[in-house]
2 protein chains.
Amino acid sequence: MATIYEVSKLAGVSLATVSRVINDSSAVRKTTKDKVERAMKQLNYKPNSVAKSLASNRSDCIGVLVSELKSPFFTRMMGAIDAECRQFEKHIVVTASENDPLHEKEGIEFLIGRNCDALILHVESLSDEYLIELSQGKVPIVILNRQIPQISDHCISLNNELGGYLATKAVIEHGHRNIVYISGPEHKKDAIQRLAGHRRALMEAGIGIDQTRIFTGDYLQTGGQEGFKHFHDSGIQFSAVVCGNDEMATGVMATARECGLSLPEDLSVMGFDNVVFSRYTFPRLSTVDNPITDMGKMAARIIMEDVYKKSMGSINKSFEPSLVIRESVSRITKD
Amino acid sequence: MATIYEVSKLAGVSLATVSRVINDSSAVRKTTKDKVERAMKQLNYKPNSVAKSLASNRSDCIGVLVSELKSPFFTRMMGAIDAECRQFEKHIVVTASENDPLHEKEGIEFLIGRNCDALILHVESLSDEYLIELSQGKVPIVILNRQIPQISDHCISLNNELGGYLATKAVIEHGHRNIVYISGPEHKKDAIQRLAGHRRALMEAGIGIDQTRIFTGDYLQTGGQEGFKHFHDSGIQFSAVVCGNDEMATGVMATARECGLSLPEDLSVMGFDNVVFSRYTFPRLSTVDNPITDMGKMAARIIMEDVYKKSMGSINKSFEPSLVIRESVSRITKD
DNA sequence: TTGTACGCGTTATCAG
DNA sequence: CTGATAACGCGTACAA
């Protein structure tokens, strides 16, 4: 690989001048510029970004930390971030924490060590304190899907409570009163908030809150399966099950069918997130859209603005979910 | 951030010694080693991987180029590669070509410029010639999902022809004779090979090949939709449709239902790839498993072996697909 | 076993 | 507008 030094020799100018035409950092006479460019072409010169990064303390890379790579949820998020970065010739370097708190920390340190200009983080296990401290460090961070009051400037979050409310409200408006809820894990804040929204909708409709009608799942298909079985076996009457996310909703659907129910006539199911496959279920899953792509895009924009000083129009850090009505919730008429 | 220099000062040793304990590259007396480690801890020293990379010409990073980030297919692939790399403390840096031939080249150059120790590529548009030349370059590459005879050592591929064969054969064995096929784009090699397998199964069963029973789609849901409509409108009789991939299969399912068919009684559908959501459709999609995670894992292993000299047991560059029978293909008895 | 000195490919700060 | 020259943080012969 040709270096900047060889280019300078061939062009008969100094290192500094070559560097200038590469970055057009300051004015260079047209004729010398041409000379240099010819030399670069001739040697097929490609700047070495590692050296550049070391010297400039800039990498044009944005670190992204997600919980796992194989989930459709994070995939959409990454895709959105990458698409936005690409427009400004920035790149993302992704690392996964595999849902392990230790890995989360390691991942962050790895990204910082890689000289990333900024970080976009989706972390679940790390404490607020750690993140607050991190946010005061040298490298700018944006936290996705989490709201920490002390550093809300750095947070992009979804109104999960509202989402939970909308989901259950929609089910109620379809005529259901016997509703059960399968929640995500208790240690996940979004799960708690969604459940809170569910409760609000119930209260508002004058339906009492009954702890036995709430099951705590794992946000996976198995959670839906276990939840449905639990309610089914317990003899509780219910015409609809609202789930903390789409994965669990599909678990419910599959298990309900195994128990001989036909959907959506015998059972209505409501999801949350609007992941890709929710359109592929049958009946197609009614759910709450989680605008994760918009949120990812916004995270990237904030960084473009703050770190690279591009001006990006309006920015918004607080997102609202919206209802996606498909066919998995049936309308029942009061008898 | 503390540098190696500050550590050496605090520990009262030279730069070189600190470097040695970091990489335990050569023997260091226990007592000095302790001193250095204490100093590192005290300063919370983190090696700067950029500088390290520049000096050693090693980055411990493996570049991965995929067509798009948001597809479940690539997601699984990346997840598998990352998991394998993680075990050896290597990291992946991912970039997406967005299905654009120009981007593919740019992506590769970006990864090389980033000083990646090796590349794992999933490219569709780049020519064989380009890849052959690339493989003779300095940075080792592994090509996923493509077979180039001249450099087959660098290729990990799936027997797509066999997959296509198995798919159609299974449908035939379920009693179907009136079969139509929706293929992927003609410029994609895997699509062509899958179709070839389909033809072989047909021939073998004594069913003639009829060009009007083949539709060329786009590998997306829309392709399935268009394909089904095409056959439906044309008046051709068919009891089963075999698709070049799962996306198109779901498109067929949705459209068939819109036309009033009930599945799988009125129409059998066969997919290819066994993507995540194929388990979520109803009826659950019968398909051909594409062992993309195994292939990704193997790509990583080859690099561990060749580049980092880890010994990794057996390696295999040619993968066979296998049938996944679920409920979307009904059994019909010959009348 | 340890230290010195140079190189990796760029950027940035000065003078000129 | 251009050119020396010193960083950037670390690895590594070579010497001691």
Any chance [atom1] of [X] has more than 12 other-residue heavy atoms, nucleotides or ligands included, within less than 6.0 Å?
| X | atom1 | answer |
| --- | --- | --- |
| A:Glu109 | CD | yes |
| B:Lys188 | NZ | yes |
| A:Lys90 | NZ | yes |
| B:Gln87 | CD | yes |

*Taking A:Asn145 as the fixed residue, which of A:Lys189, A:His122, A:Glu124 is the one that meets the side-chain hydrogen bond (donor to acceptor under 3.5 Å, both in side chains) rule?*
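With A:Asn145 as partner, A:Lys189, A:His122, A:Glu124 yield a single side-chain hydrogen bond (donor to acceptor under 3.5 Å, both in side chains), made by A:His122.
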*Would you find a donor on one side and an acceptor on the other, under 3.5 Å apart, between the side chain of B:Asp100 and the backbone of B:Leu102?*
yes
*Span of DNA chain D in contact with chain A (heavy atoms, under 4.0 Å)*: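 Taking any atom under 4.0 Å from a heavy atom of chain A, the span is D:dC1 to D:dG9.
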_Output one letter per nucleotide in nucleotides 2-12 of chain C: B when a protein non-hydrogen atom lies under 4.0 Å from the base, S when only the sugar-phosphate is that close, - when neither is._
BBB--BBBBSB
_Non-neighbouring partners of A:Thr95 that pass side-chain contact (heavy atoms from CB on, under 4.5 Å), sequence neighbours left out_ =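 side-chain contact (heavy atoms from CB on, under 4.5 Å) list for A:Thr95, sorted by chain: A:Leu65, A:Phe110, A:Leu111, B:Arg86, B:His91.
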